[in-house]
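Taking it in order: structure first as structure tokens, then the write-up.
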Amino acid sequence: AFGNFDSSIMFMGRSEYDRDVNVYSPEGRIYQVEYAIEAIKLGSTAIGIQTKEGVVLAVEKRMTSLLMESIGLEKIVEIDSHIGCALSGLIADSKAMIDKARVEAQNHWFTYNETMPVESVAQAIGNLAMQFGEKGAKGSMSRPFGVALLFAGIDENGPQL
């Protein structure tokens, strides 16, 4: 009797609010974003150091099981011949972002015949990360990525992190 008011929304539990990234809980929280942040916090430590001469990336490799082989845990990857990336969080999410970064770097090379600046790669991946929940956006996910990436490389501006 209140027009378009849906009384079932008043009685939604937490599990109802965490199904969609576009739904706020009564406390003003978006649980999907909080889950992604927690996944990053549970990931291994990744650090980057930038100097005048270069950039260093380091990542902690945690072995959660004796049955795991350390060679299978790639936490530092090559994006292009001049850009590397350290990651922490959900490995599956990082694969999608790393593939996108590699494609962007190669497209830049084929289009402009020059290597892509490190900052431009980071901006392209930042744009992808912000597309979660957008209906019909090409390459977007239905939830936030649960991974943090550190891009490092050397371009025309020198060492970049």
Side-chain angles (χ1 to χ4, degrees), residues 18-24 28-65 67-161:
D18 67 358
R19 290 187 184 171
D20 194 353
V21 295
N22 298 322
V23 176
Y24 287 88
R29 299 165 62 183
I30 302 177
Y31 289 117
Q32 287 289 327
V33 173
E34 290 181 15
Y35 296 156
I37 291 169
E38 284 302 314
I40 294 166
K41 286 180 184 176
L42 293 174
S44 57
T45 303
I47 62 169
I49 302 170
Q50 177 184 347
T51 67
K52 288 183 243 177
E53 291 82 30
V55 183
V56 177
L57 291 174
V59 177
E60 171 190 24
K61 263 190 172 179
R62 274 194 225 146
M63 298 303 296
T64 56
S65 169
L67 299 175
M68 291 179 67
E69 289 188 31
S70 65
I71 196 164
L73 290 174
E74 274 190 61
K75 300 281 185 163
I76 299 178
V77 297
E78 181 182 32
I79 302 299
D80 203 0
S81 61
H82 68 295
I83 300 175
C85 179
L87 56 104
S88 177
L90 298 175
I91 302 298
D93 285 1
S94 71
K95 291 189 182 298
M97 297 179 97
I98 288 165
D99 287 346
K100 173 73 171 173
R102 288 175 173 160
V103 167
E104 289 290 326
Q106 289 301 305
N107 283 341
H108 188 88
W109 173 260
F110 289 129
T111 303
Y112 302 107
N113 200 25
E114 65 181 20
T115 57
M116 190 171 189
V118 178
E119 183 178 356
S120 297
V121 172
Q123 285 177 344
I125 298 310
N127 290 340
L128 173 66
M130 295 305 295
Q131 288 179 353
F132 69 88
E134 290 183 13
K135 305 280 188 239
K138 184 179 180 188
S140 68
M141 288 188 55
S142 60
R143 61 172 177 78
F145 288 99
V147 65
L149 303 176
L150 280 175
F151 290 101
I154 298 178
D155 57 22
E156 67 273 357
N157 298 321
Q160 302 291 315
L161 179 63

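For reference, positions follow the sequence shown, starting with 1.
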Partner residues of Gln160 under the side-chain hydrogen bond (donor to acceptor under 3.5 Å, both in side chains) criterion, sequence neighbours left out: none
Over all atoms of both residues, closest heavy-atom pair of Val55 and Ala152: CG1-CB, 3.2 Å
Where Ala105 and Ile79 come nearest, the two heavy atoms and their spacing: CB-CG2, 4.5 Å
Interatomic distance, Thr45 atom OG1 to Lys75 atom NZ [nearest 0.5 angstrom]: 10.0 Å
Inter-residue atom distance Phe151.CZ - Leu161.CG, 0.5 Å rounding: 11.0 Å
Distance in Å, Glu156 CD paired with His82 NE2, rounded so as to fall on 0.5 Å steps: 8.0 Å
Point-to-point distance, once rounded to the nearest 0.5 Å, from OG1 of Thr111 to CD of Gln106: 10.5 Å
All ring-ring contact (aromatic ring centres under 6.0 Å, His included) counterparts of Tyr112, not counting sequence neighbours: His108
Distance-minimising heavy-atom pair for Gly146 and Asp93: N-OD2, 2.7 Å
Check against side-chain contact (heavy atoms from CB on, under 4.5 Å), Asp80 and Met116: CA-CA 9 Å; Asp80 203 0; Met116 190 171 189; 5.6 Å; no
Flag side-chain contact, heavy atom, 4.5 Å: Ser44 against Val59: yes
Gln123 side chain near Glu119 side chain, heavy-atom distance below 4.5 Å: yes
What side-chain donor-acceptor pairs closer than 3.5 Å can you find for residues 47-54, not counting sequence neighbours?
from  : atom 1 : to     : atom 2 : distance (Å)
Gln50 : NE2    : Pro159 : O      : 2.8
Thr51 : OG1    : Glu53  : N      : 3.3
Thr51 : OG1    : Gly54  : N      : 3.1
Thr51 : OG1    : Gly54  : O      : 3.2

CG on Asn107 to NZ on Lys100, rounded to 0.5 Å: 8.0 Å
Taking every non-hydrogen atom, the tightest pair across Leu87 and Ala46: O-CB, 4.2 Å
Closest contact, heavy atoms only, Ala101 versus Val121: CB-CG1, 4.0 Å
Test side-chain contact (heavy atoms from CB on, under 4.5 Å) applied to Arg102 and Asp99, step by step: CA-CA 5 Å; Arg102 288 175 173 160; Asp99 287 346; 4.2 Å; yes
